[in-house]
Amino acid sequence: MKSPAELKELFENHIRTVFQDDFWKGSLYQPIQYIVELPGKRYRPILLLLTYQAVTGESPERALNAALAVEFFHNFSLVHDDIMDNDPIRRGKPSVHEVYGVNKAILSGDAMFALTFEMLIKDFPEQAVSLIREYTQISVGVCEGQMEDMELPDEAVEDVPISRTLEMLRKKTAVLLGGAMSVGAICGGASKEVVDNFREFGEAVGIGFQLQDDYLDVYGEQKKLGKRAGSDIVENKKTVLLLKAFEKANADQLQRLSALLEEEDDAAKIAGVKAIFAELGIPEATKQLIGTYFDKAQSLSQQLSHLPGYVPIGKFLEAMMQREY
């Protein structure tokens, strides 16, 4: 069985091979090549390949195009997200719309999404109906999550329940991680029960992973983050940490929190919010919530551990779940 590192190398080689074709030299496709070739962790295609390998017990070369479909979808969503959020940087480089212009970025993103359907079923025509059905649900889920994320900033913090933010995180981030695993399982010919377990497994890990990101944004080391710690606080982002603080705060703490949301001095704002978080036990409560999702993932993992090629995927997901706080 191939390790995650070996699968990443296999996938990167596949990308290079695909992009050697003159097809990608056209003006519509150059932005696609640009963003896909930017350095990334490739979690989603690796998870798909690991799942296929786990189900079949075979080396997953046959699933490389399906893995590329998932990576294309992820990058298509990033292109459009960057336009909607007016973000000039992606993975340390100028975002696609900064390099090629907004109109071309939108068109290239649309083309990237369209191409994923052919890639997805190219090597698995016998599973085409199941794959398209699953992929459609994934795509709609991600779009619903993005819509929720766009609407949240317009609402008062005290009016946003934690359950709504968790559901937004599930759709915007975790659905595609779980979907990579369910698609990999379908490609491998797994039963419906196994496909469903992988989907749930990936979603639980995805939510826990995103909650970890939110925690680390406040309490992580700036050097490891690659950005300024506390940026979510500065932006008044409705993370679970902030929502929990509003939920648990007394009248005095609510007044202080509300005032801090209007604070223009970033350093003072971060320090003030973190002080209230400490008073309310928000770091510990967030860790406990993260643990809940990772515990669910571990439970689902035990139900999948009998599969012939499971060991590498188990180790990879353990590593994802054990990032340092």
Side-chain angles (χ1 to χ4, degrees), residues 2 7-8 10-21 23-24 28-29 31-33 35-37 40-56 58-80 107-146 171-192 194-203 206 309 313:
K2 286 183 167 58
L7 291 176
K8 187 174 189 294
L10 181 70
F11 182 70
E12 298 289 0
N13 288 336
H14 183 63
I15 289 175
R16 285 190 286 271
T17 300
V18 167
F19 282 146
Q20 285 175 2
D21 195 293
F23 173 83
W24 303 101
L28 178 64
Y29 306 109
I32 297 175
Q33 184 171 359
I35 188 168
V36 173
E37 287 186 335
K41 295 182 177 68
R42 311 294 194 196
Y43 283 144
R44 294 152 193 84
I46 291 173
L47 284 172
L48 188 151
L49 296 172
L50 282 167
T51 303
Y52 180 87
Q53 181 175 259
V55 169
T56 63
E58 301 171 357
S59 188
E61 280 81 0
R62 188 185 176 198
L64 282 169
N65 284 318
L68 188 57
V70 169
E71 183 68 4
F72 263 45
F73 179 89
H74 175 55
N75 283 277
F76 138 75
S77 71
L78 297 181
V79 170
H80 285 195
L107 282 172
S108 295
D110 292 344
M112 201 178 336
F113 177 64
L115 288 165
T116 61
F117 288 90
E118 180 183 3
M119 293 175 179
L120 186 69
I121 65 173
K122 180 178 181 180
D123 300 307
F124 299 96
E126 72 280 8
Q127 302 286 1
V129 173
S130 296
L131 285 169
I132 293 298
R133 184 180 293 120
E134 185 75 9
Y135 186 68
T136 300
Q137 292 301 310
I138 294 164
S139 304
V140 171
V142 172
C143 291
E144 288 178 352
Q146 176 65 12
K171 290 179 175 178
K172 183 177 169 70
T173 301
V175 159
L176 190 52
L177 283 171
M181 301 182 82
S182 61
V183 166
I186 292 170
C187 289
S191 67
K192 182 180 183 303
V194 170
V195 171
D196 291 346
N197 277 359
F198 269 116
R199 186 189 306 110
E200 284 189 61
F201 187 7
E203 288 190 8
I313 197 171

Is any side-chain heavy atom of [X] less than 4.5 Å from a side-chain heavy atom of [Y]?
X: Val18; Y: Trp24; answer: yes
X: Ser108; Y: Val79; answer: no
X: Lys172; Y: Val142; answer: no
X: Lys41; Y: Ile46; answer: no
X: Leu177; Y: Glu203; answer: no
X: Gln137; Y: Val175; answer: no
X: Glu144; Y: Val140; answer: yes

Locate the shortest heavy-atom distance separating [X] from [Y]; write the atom from each residue and the value.
X: Gly179; Y: Ile138; answer: CA-CD1, 3.4 Å
X: Tyr52; Y: Ala63; answer: CG-CB, 3.9 Å
X: Phe198; Y: Ser182; answer: CB-N, 4.4 Å
X: Ala185; Y: Val195; answer: CB-CG2, 3.8 Å
X: Leu47; Y: Ala180; answer: CB-CB, 4.4 Å
X: Gly206; Y: Thr173; answer: O-CG2, 4.4 Å

### Task
Please report the C-alpha distance between Val70 and His74 in whole Å, then the side-chain angles of each, then the deciding distance to 0.1 Å, and finally whether the side-chain contact (heavy atoms from CB on, under 4.5 Å) criterion is met.
CA-CA 6 Å; Val70 169; His74 175 55; 5.7 Å; no
So how far is it from [X] [atom1] to [Y] [atom2], rounded to the nearest 0.5 Å?
X: Leu176; Y: Lys171; atom1: CG; atom2: NZ; value: 15.0 Å
X: Leu28; Y: Ile32; atom1: CG; atom2: CD1; value: 5.5 Å
X: Gln20; Y: Gln33; atom1: CD; atom2: CD; value: 10.0 Å
X: Leu107; Y: Tyr29; atom1: CG; atom2: OH; value: 10.5 Å
X: Asn197; Y: Thr51; atom1: CG; atom2: OG1; value: 11.5 Å
X: Ile186; Y: Met181; atom1: CD1; atom2: CE; value: 13.0 Å

Could you list the donor-acceptor pairs under 3.5 angstrom formed between side-chain atoms of residues 112-129 and any protein atom two or more places apart in sequence or on another chain?
residue: Thr116; atom: OG1; partner: Phe113; partner atom: O; Å: 2.5
residue: Thr116; atom: OG1; partner: Tyr135; partner atom: OH; Å: 2.5
residue: Asp123; atom: OD2; partner: Asn65; partner atom: ND2; Å: 2.8
residue: Glu126; atom: OE2; partner: Arg62; partner atom: NH2; Å: 3.0

### Query
Any ion pair linking Arg44 and Glu71 (charged N to carboxylate O, less than 4.0 Å)?
no
### Task
Indicate the ring-plane relationship of Phe76 and His80, choosing parallel, tilted or perpendicular according to the 30° and 60° boundaries.
perpendicular
### Message
Suppose the criterion is salt bridge (Lys or Arg N to Asp or Glu O under 4.0 Å): which pairs have a residue in residues 128-140, not counting sequence neighbours?
### Response
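Sorted result for residues 128-140: Glu134-Arg199.
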### Message
Could you walk me through whether Glu61 and Lys2 satisfy the salt bridge (Lys or Arg N to Asp or Glu O under 4.0 Å) test, starting with their C-alpha distance in whole Å, then the side-chain angles of each, then the deciding distance to 0.1 Å, before giving a yes or no?
### Response
CA-CA 11 Å; Glu61 280 81 0; Lys2 286 183 167 58; 3.5 Å; yes
#### Entry: Candidate pair Glu12 and Arg42, rule salt bridge (Lys or Arg N to Asp or Glu O under 4.0 Å), full reasoning
CA-CA 9 Å; Glu12 298 289 0; Arg42 311 294 194 196; 2.9 Å; yes
### Message
The criterion is salt bridge (Lys or Arg N to Asp or Glu O under 4.0 Å); which residues satisfy it with Lys192, sequence neighbours excluded?
### Response
Asp196
